[in-house]
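Shown next, in C-alpha cells, is the structure this report addresses.
What you see below is based on every heavy atom in this structure, not just the backbone, and it leaves out hydrogens, waters and symmetry mates. Keep in mind that what you see is a predicted model, and the values were worked out from it rather than measured.
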Amino acid sequence: MAYRPDPPLLYERGRCITARDPSGEGGAFYSLDYDSRSPSANMAFPHFHSYYELMIPLSAGVSHFVEGTRYDLEPYDVVLLAPSVLHQSVYPPGPPSDRLVAGFRPPVSGPFGEELRRVLSAFESPCPILRLSPENRRCLFAPLNGIFSLQEGKEPVPELAVHAGFLQFLLALYRLRGENLYVAASHPGAEGKIYAVCHYLHTHYREEISLPSLAAAFFMSPYYLSRRFREVTGYTVTRYLQLTRVRNAQVLLLHSDRSITAVAEEAGFSSFSQFNRVFRSVCGMPPSAYRQKGREETGSSSPYGAQGSFPA
C-alpha cells in the first residue's frame with residue numbers, strides 16, 4: 001500500500017477514512033485524508049476550523065503558518081491545530097506534495113471527558129509543530145498505521161476500531177509531547193521582519209494600529225513596510241488587519257452568545273458600522289446572517305461543524 005521503503009507512516013494517495021463517535025452522542029468524528037496538494041492549492045489567506053486538526057507532510061519543502069508565524073516543516077513533522085486557530089499550508093513549486101490531514105472531535109462530553117481534555121492540552125503548546133526521533137515517530141504513528149491497515153479490499157473500515165485507534169494515537173502524542181526536537185528556523189532580512197509583523201497583527205489585532213505606528217515599532221519607514229508587506233503576503237497592511245479581525249469575529253459569532261456590537265468591539269473594530277461594512281466585504285453577508293447560517297448548518301445553537309475561510 002505504501003510506496004516508500006519501510007515508511008514510518010503508511011500512505012496511499014486518495015485514501016480517506018472517516019468514522020463517527022460509536023456512542024452516537026456528542027458529535028464526535030474522525031477523518032483521515034491521505035492525499036497530495038499542488039502549489040495551486042495554496043490558500044490566499046489563513047482559515048480556521050471548529051474542530052481539532054493535524055497535518056503530517058510526507059514531502060519536503062512544505063511550510064505552515066500558524067497565527068502569522070511561519071514554520072518550515074520536514075517530512076513526518078506533525079502540525080497540531082486546536083479549534084479556531086488561524087492557519088495556512090504552503091506547498092512548494094513542482095510535483096504535488098503528499099500529506100495526511102486528520103480532522104477530529106473526540107467525545108469530551110463522555111465518561112472520559114476530563115482525561116481527554118488533558119490529552120488534548122498537547123494542542124495548546126506554544127510550539128504547534130512536533131518533530132520526533134525515528135524511534136518515537138514509529139511509536140506515535142503505530143496507531144495510525146493500525147487504522148490504515150484495517151481496510152481490506154472494498155470493505156468499510158469498522159468505525160469502533162477507528163475510534164479506538166485514534167484515541168491511542170492521541171494518548172501517544174500526549175505522552176511524547178516532551179520529546180519535541182523541533183527548532184524554529186530564523187528568516188533573516190526583510191522577509192523575516194514581515195513575518196514578525198504578521199505575528200504582531202495576529203496578537204494585537206484588538207488594539208488601535210496604524211501604518212506609521214506599526215512601521216515605527218519595527219524600525220521601518222511606512223512606505224517600505226507597505227511595499228514589502230504586500231510583496232510577501234499579497235495584501236496591504238490594512239486589508240490583512242481587517243481580515244484578521246474578521247476571522248476572530250467569526251469565531252466569536254459561532255462560539256459565543258456575545259451581542260454583535262460586543263463582538264465588533266472585541267475584534268478590534270472602532271464602530272459597529274465599520275464592522276458591518278468590512279464583514280460584508282469579506283464574507284458576503286452581514287454578521288447576523290453569518291451567525292444564523294452557522295447555527296442552521298448544525299441544527300444547534302452551538303455550531304461546532306462550521307469553519308471560517310476567506311476568499312482569494
Side-chain angles (χ1 to χ4, degrees), residues 36-48 54-82 85-99 125-132 180-248 268 282 309-312:
S36 61
R37 288 292 183 272
S38 65
S40 63
N42 291 341
M43 286 190 168
F45 197 84
H47 65 290
F48 70 90
L54 60 88
M55 193 273 278
I56 304 172
L58 283 76
S59 301
V62 179
S63 298
H64 211 90
F65 287 83
V66 182
E67 296 292 1
T69 298
R70 174 175 171 169
Y71 297 91
D72 296 323
L73 307 177
E74 295 179 0
Y76 305 112
D77 286 347
V78 184
V79 183
L80 307 174
L81 300 165
V85 169
L86 194 62
H87 66 280
Q88 174 186 21
S89 293
V90 178
Y91 300 100
S97 299
D98 296 326
R99 90 289 183 275
S125 169
C127 177
I129 314 300
L130 181 64
R131 179 175 295 168
L132 297 173
N180 197 353
L181 302 176
Y182 184 83
V183 177
S186 61
H187 299 94
E191 188 176 39
K193 271 200 167 184
I194 296 305
Y195 294 145
V197 172
C198 289
H199 180 70
Y200 182 90
L201 294 176
H202 281 282
T203 53
H204 294 78
Y205 64 89
R206 294 183 180 92
E207 303 170 11
E208 184 176 344
I209 298 174
S210 67
L211 180 61
S213 65
L214 191 63
F218 286 88
F219 306 101
M220 291 183 274
S221 72
Y223 171 77
Y224 181 78
L225 171 58
S226 180
R227 179 171 61 85
R228 291 294 291 157
F229 192 91
R230 185 155 195 164
E231 288 174 357
V232 173
T233 69
Y235 293 93
T236 65
V237 172
T238 298
R239 190 57 171 170
Y240 193 97
L241 179 58
Q242 287 178 339
L243 293 175
T244 302
R245 285 171 169 165
V246 167
R247 169 264 169 182
N248 285 278
V282 174
S309 61
F310 299 111

Measure the [atom1]-[atom2] distance between [X] and [Y] for me, rounded to the nearest 0.5 Å.
X	Y	atom1	atom2	answer
N180	L130	CG	CG	5.0 Å
L81	M55	CG	CE	8.5 Å
S221	R228	OG	CZ	12.0 Å
Y91	D98	OH	CG	10.0 Å
R206	H204	CZ	NE2	10.5 Å

Any donor-acceptor N/O pair, [X] side chain to [Y] backbone, under 3.5 Å:
X	Y	result
H47	H87	yes
T244	Y240	yes
R37	N42	no
T233	F229	yes

Would you name the heavy atoms of [X] and [Y] that are closest together and state the gap between them?
X	Y	value
Y200	E207	OH-OE1, 4.1 Å
Y195	R70	OH-NH1, 2.7 Å
D72	R131	O-NH2, 3.6 Å
P39	P93	CG-CA, 3.6 Å
L201	I209	CD2-CD1, 4.0 Å
S97	P92	OG-CD, 3.4 Å

Beyond-backbone contact of [X] with [Y], side-chain heavy atoms, under 4.5 angstrom:
X	Y	answer
Y71	V79	no
L211	S226	yes
L58	Y76	yes
V85	E67	yes

Only one of V66, T69, L86 passes side-chain contact (heavy atoms from CB on, under 4.5 Å) with H202, and that residue is L86
Between T236 and T238, do the side chains contain an N or O donor and an N or O acceptor separated by less than 3.5 Å? no
Have R245 and Q242 got a donor and an acceptor in their side chains that come within less than 3.5 Å? no
More than 12 heavy atoms from other groups under 6.0 Å of NE2 on H199: no
Audit row: D77, Y182, side chain to side chain donor-acceptor pair (under 3.5 Å) steps and yes/no: CA-CA 9 Å; D77 286 347; Y182 184 83; over 6 Å; no
Relative to each other, are the rings of Y235 and F45 parallel, tilted or perpendicular (30° and 60° limits)? perpendicular
